[in-house]
Amino acid sequence: MPELPEVETVVRLVRPKLVGRTIEGVHVSWLRSLGGSSRRAFEAAVVGTRVRAVWRRAKFLVFDLEREGEVAGWLVGHLRMTGRFHVEPRGFEAGPHERVRLDLDRGRSLHFIDVRKFGRLVFATDLEEAFPALGPEPLGEEFTARSLHAGLSERRRLLKPLLLDQSFVAGLGNIYVDECLHLCGLHPERRSDRVSAADAGRLHAAIQSVLSEAIEREGSSFDTFYRTPEGKPGSYQHQFRVYGRTGRACRTCGDPIRRIVVAQRGTHFCPRCQGRASPRTRTARG
DNA sequence: AGCTACTCCTGGTAGC
DNA sequence: TGCTACCAGGAGTAGC
């Protein structure tokens, strides 16, 4: 599932191939990938524009578009579970899962490929409107141990669903949350307001080190879905401490990794290294 | 405020 | 072999 490290990898690899290119045509095979726009409106908005910049916010990819030097809007992409971007020579056969294709100058095309069709490539004239409420970037300066501890303290939620909440911190997903919680030794069902400042500091450090290392390794590929725009798998999956390791030995203590379901998400953790969940009493009815 | 359930989707796989 | 049933999961939404 593409999370921040995978999206960052895609942005870095696709940027040099897209910046400066003009969009000469579009081909849409799955209308809903456009997020509610019609083919005609999308085409009118995008064809003839030039890509000025490619960047990332949370798990969104953003292409700044200009027309005759003026801002013409933005293309906002989200890979969700199975989305991929590839830049290939014109005529490249991207297969049955291509949803949108942008034909570029200099004989190239950008392919948006998405098996499960949850991903989006949306044209926006207002960036603020295009994004949902997003918390700080976990690798940005705003996100500190202190701010994390303050945020945890003012909510009363279970750690795992809170860390998955993009309005709390933007960019983590199911895999990296499990990895971060194991690294800092916190149970996914610990209540957020019961995390000490010291533990929040460890969690903060864990988030930054897991994400940075995953970016260095170009993300994680453990099934056929995520590949870089060069078609290569990432390699962070070899570092997984808990994700997908149910029943196997914890790399720290040797006890078996357990899988439970928290907030409808498969959740992997070491019962010995990650302590106890907070008791559920008094959380539901106050 | 915070929880669960449901929705969108398809490929893979378990069970028969 | 071939069928059905079910699962994974990011994020939005509805309802309690």
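Chain A is the first sequence line, chain B the second, and so forth, proteins listed ahead of strands; every chain is numbered from 1.
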Check your understanding: Would you call the rings of A:Tyr236 and A:Tyr176 parallel, tilted or perpendicular if under 30° counts as parallel and over 60° as perpendicular?
Key -> tilted
Study note, to complete from the structure: Atom CD of A:Glu154 and atom P of B:dG2 are separated, to the nearest Å, by 9 Å
Review point. Which heavy-atom pair separates A:His187 from A:Gly275 by the least distance, and what is that distance?
Key: CD2-O, 3.3 Å
Check your understanding: Residues in side-chain hydrogen bond (donor to acceptor under 3.5 Å, both in side chains) with A:Arg15, at least two apart?
Key -> none
Exercise for review: Sorted by first residue and then second, give each ring pair (Phe, Tyr, Trp, His ring centres under 6.0 Å) pair with at least one member in residues 16-37 of chain A; sequence neighbours left out.
Suggested key: none
Revision key, fill the gap. Rounded to whole Å, CZ of A:Arg157 lies from P of B:dA1 at a distance of 11 Å
Check your understanding: Between atom CZ in A:Arg57 and atom P in C:dA11, what is the gap in whole Å?
Key -> 12 Å
Pull out every protein N or O sitting under 3.5 Å from an N or O of nucleotides 4-7 of chain C, one pair per line with the distance.
none

**Study point:** Between C:dG10 (P) and A:Tyr176 (OH): distance, integer Å
**Key:** 12 Å
Practice item. Return the value, rounded to whole Å, for the distance between atom CG of A:Leu163 and atom P of B:dG2. Key: 14 Å
Practice item. Indicate, with a heavy-atom threshold strictly under 4.0 Å, whether A:Arg155 touches base, sugar-phosphate, or nothing. Key: sugar-phosphate
Check your understanding: Are A:His111 and A:Glu98 close enough that a side-chain donor and a side-chain acceptor fall under 3.5 Å?
Key -> yes
Review point. Do NZ/NE/NH1/NH2 and the carboxylate oxygens of A:Asp193 and A:Arg156 come within less than 4.0 Å?
Key: yes
Review point. Which residues pass the ring-ring contact (aromatic ring centres under 6.0 Å, His included) test with A:His182, sequence neighbours left out?
Key: none
Point to revise | Nucleotide C:dA11, atom P - distance to CG of A:Leu162 in whole Å | key: 14 Å
Practice item. Would you give a per-nucleotide map of nucleotides 6-11 of chain B, 5' to 3', where B means the base has a protein non-hydrogen atom under 4.0 Å away, S means only the sugar-phosphate does, and - means neither? Key: --BBBS
Exercise for review: Please check if A:Leu61 and A:Ile215 belong to a single hydrophobic cluster, counting links between Ile, Leu, Val, Met, Phe, Trp and Tyr side chain heavy atoms closer than 4.5 Å.
Suggested key: no
Practice item. Using a heavy-atom cut-off of under 4.0 Å over every strand shown, decide if A:Tyr243 touches base, sugar-phosphate, or nothing. Key: sugar-phosphate
Exercise for review: Give the ring-plane orientation class for A:Phe60 versus A:Phe131, where under 30° counts as parallel, over 60° as perpendicular and anything between as tilted.
Suggested key: tilted
Study note, to complete from the structure: With five pairs defining each end axis, the helix from B:dG2-C:dC16 to B:dC16-C:dG2 comes out bent, to 10°, by 50°
Exercise for review: Under 4.0 Å between any heavy atoms, over every strand shown, what does A:Pro161 touch: base, sugar-phosphate, or nothing? Just pick one.
Suggested key: nothing
Practice item. Carefully, step by step, assess A:Cys253 and A:Cys270 under the rule side chain to side chain contact (heavy atoms under 4.5 Å, CB included). Key: CA-CA 9 Å; A:Cys253 76; A:Cys270 171; 3.6 Å; yes
Review point. Between atom CG in A:Leu164 and atom C1' in B:dT4, what is the gap in whole Å?
Key: 15 Å
Review point. At their closest point, which heavy atom of A:Glu3 faces which heavy atom of A:Leu172, and how far apart are they?
Key: OE1-C, 3.9 Å
Review point. Any Lys/Arg nitrogen of A:Lys17 or A:Glu230 sitting under 4.0 Å from an Asp/Glu carboxylate oxygen of the other?
Key: yes
**Study point:** N or O in side chain of A:Gln166 less than 4.0 angstrom from C:dA11 OP1/OP2
**Key:** yes
Practice item. Give the rounded distance in Å between these two atoms: CG of A:Asp114 and C1' of C:dA11. Key: 14 Å
